[in-house]
Amino acid sequence: MPTALITGGTSGIGAAFAGGLAERGHDLVLVARNAERLEAAAAELSRRHRVAVEVLPADLAVRDDVLKVAARLADTDSPIDLLVNNAGYGLHVTLLDEDVDAHARAIDVMCLAVLILGGAAGRAMKQRGRGQIINVASLAAYMAQGGYSPIKAYVLTYSEGLANELHGTGVSVTVVNPGWVRTEFHERAGIRTSAIPDFIWVEPDRLVRETLADADKRRVVSVPTKRWKLQKLLARHAPRSAVRWASRMLSRSRQ
Ligand SMILES: NC(=O)c1ccc[n+]([C@@H]2O[C@H](COP(=O)([O-])OP(=O)(O)OC[C@H]3O[C@@H](n4cnc5c(N)ncnc54)[C@H](OP(=O)(O)O)[C@@H]3O)[C@@H](O)[C@H]2O)c1
């Protein structure tokens, strides 16, 4: 059975990837900080889908923990066929805050860990001549929202670079750019969502179905759903002053 490693596999988009990949017959390795929640997710997934689920508690803001996950990706006895670099969160801080620790942590989790784990998976998969890497960026990558947009822009551009370095090796890289998805993300980041109409939201399972279909086709950039494709088109082709205005409006939903 192929095995997938998913960071942030206990909640929201990562949990939906875990469910979707288990449904496809993948054994799983779940990575997150909360060990109790990891155990509960593993028990439920193996009961429901009859797959083997390993848990790997790790804080991806801590370098030694990231290296532990990288070592699991490099393990040749029990190879990982698919990596989903998904763990992440919205930032509470603004670019004007004097204390940059929260920014540094977010860069560690959403940029450096993605780089280290993508490299570890890419090297191991390249040697075997096959594998898939899926990185979760955001439509925010095309916007100008505080520290989050530059972080997700990094994930987007990094993924295209990694896809180039792995081109022709049998290893594919897909970066997915979601818009608003119903998860714990907004509550954790203190983002008000009460004013956001229902039709804006996409369920995590749908995002995962469409992303996996794009990854199967070896698409490098995946923008699921028509509404997100339209949003990307507008963000890419509207004047940057309009994109900055829209970003200011969106940032008002922060508490
Ligand atoms: N929801 C959206 O609208 C949306 C839109 C675009 C992009 N995204 C991106 O989608 C990804 C998943 O977000 P989500 O919406 O599914 O959020 P979520 O429901 O809050 O899930 C986040 C997951 O990441 C894990 N995590 C957070 N910090 C971690 C750390 N330092 N080390 C290890 N694991 C960590 C969490 O587990 P623990 O707390 O136990 O560590 C949890 O499993 C993120 O990269 C986010 O930026 C989300």
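In listed order, ligands and their atoms are each counted from 1.
- Using modelled atom types and a 3.5 Å distance limit, the side chains of S138 and N177 yield no donor-acceptor pair.
- Each of the following atoms of ligand 1 lies closer than 4.0 Å to a heavy atom of Y148: 7 (C), 8 (N), 9 (C), 46 (C), 47 (O).
- Between D59 and ligand 1, at least one pair of N/O atoms sits closer than 3.5 Å.
- At least one heavy atom of R188 sits closer than 4.0 Å to an atom of ligand 1.
- Annotation for R128: atom CZ counts as buried by contact number, over 12 foreign heavy atoms lying within 6.0 Å.
- No donor-acceptor distance shorter than 3.5 angstrom exists from the side chain of N85 to the backbone of N135, with no hydrogens or angles considered.
- The shortest N or O to N or O distance between V181 and ligand 1 is under 3.5 Å.
- Among all non-hydrogen protein atoms, the one lying nearest atom 5 (C) of ligand 1 is G179 O, 2.9 Å.
- The protein non-hydrogen atom at the shortest distance from atom 15 (O) of ligand 1 is T183 OG1, 2.6 Å.
- More than 12 heavy atoms of other residues, nucleotides or ligands shown are found within 6.0 angstrom of CD on E184.
- For atom 18 (P) of ligand 1, the closest non-hydrogen atom of the protein is S11 OG, 3.5 Å.
- Residue-ligand proximity, H186 to ligand 1, at heavy-atom distances under 4.0 Å covers atoms 1 (N), 2 (C), 3 (O).
- Given atom 28 (N) of ligand 1, the protein heavy atom at minimum distance is R33 NH2, 3.3 Å.
- Between L28 and E54, the closest side-chain pair of non-hydrogen atoms is not below 4.5 Å.
- Contacts of F185 with ligand 1, taken as heavy-atom pairs under 4.0 Å, involve both backbone and side chain.
- With a heavy-atom cut-off of 4.0 Å, R37 does not touch ligand 1 at all.
- Close placement of the Y148 and F185 rings is indicated, their centers lying within 6.0 Å of each other.
- Each of the following atoms of ligand 1 lies closer than 4.0 Å to a heavy atom of V109: 31 (N).
- Near E184, the atoms of ligand 1 lying under 4.0 angstrom from a non-hydrogen atom of the residue are 19 (O), 20 (O).
- Which parts of ligand 1 touch N34 is read off a 4.0 Å heavy-atom cut-off, strictly below it: atoms 40 (O).
- Taking a 4.0 Å cut-off on heavy atoms, R182 fails to register as neighbouring ligand 1.
- Checked for salt-bridge contact, E44 and R37 miss the test: no charged N lies under 4.0 Å from a carboxylate O.
- The 12-atom threshold is exceeded at CH2 of W201, counting heavy atoms of other residues, nucleotides or ligands nearer than 6.0 Å.
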Q: Take S78 and R72 through the side chain to side chain donor-acceptor pair (under 3.5 Å) test and state the conclusion after the steps.
A: CA-CA 8 Å; S78 182; R72 178 63 189 86; 3.0 Å; yes
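- In this structure, D198 pairs ionically with R182, as a charged nitrogen and a carboxylate oxygen lie closer than 4.0 Å.
- Pairs of residues two or more places apart, or lying in two chains, never qualify as salt bridge (charged side-chain N to carboxylate O under 4.0 Å, His left out) while including a residue from residues 13-22.
- Put simply, the side chain of T157 never gets that close to the backbone of Y154: no donor and acceptor are under 3.5 Å apart.
- Atom 45 (O) of ligand 1 has its closest protein heavy atom at N86 O, 2.7 Å.
- Salt-bridge formation is detected for the pair D216/R24: a Lys NZ or Arg NE/NH1/NH2 atom is positioned less than 4.0 Å from an Asp or Glu carboxylate oxygen.
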Q) Are V31 and I6 close enough, and set up right, to give a side chain to side chain contact (heavy atoms under 4.5 Å, CB included), and what steps lead you there? A) CA-CA 6 Å; V31 177; I6 304 158; over 6 Å; no
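- Ligand-side atoms of ligand 1 in range of G12: 16 (O), 19 (O), range being under 4.0 angstrom from any heavy atom.
- What sits closest to atom 35 (C) of ligand 1 on the protein, heavy atoms only, is A87 CB, 3.8 Å.
- Listed by number with element, the atoms of ligand 1 under 4.0 Å from a non-hydrogen atom of V136 are 9 (C), 10 (O), 11 (C).
- The nearest protein atom to atom 22 (C) of ligand 1, hydrogens excluded, is given as G88 O, 3.8 Å; this is a heavy-atom distance.
- When side chains are defined from C-beta on, T7 counts as touching L117, because their heavy atoms get closer than 4.5 Å.
- Here atom 37 (O) of ligand 1 lies nearest to A32 when heavy atoms of G8, G9, A32, P57 are compared.
- Given atom 43 (O) of ligand 1, the protein heavy atom at minimum distance is T10 OG1, 2.7 Å.
- In summary, the atoms of ligand 1 found under 4.0 Å from a heavy atom of A58, numbered by their order in the structure, are 32 (N), 33 (C).
- Residue contacts with ligand 1 include A137, since one of its heavy atoms falls under 4.0 Å from the ligand.
- Distances between N or O atoms of I13 and those of ligand 1 include at least one value under 3.5 Å.
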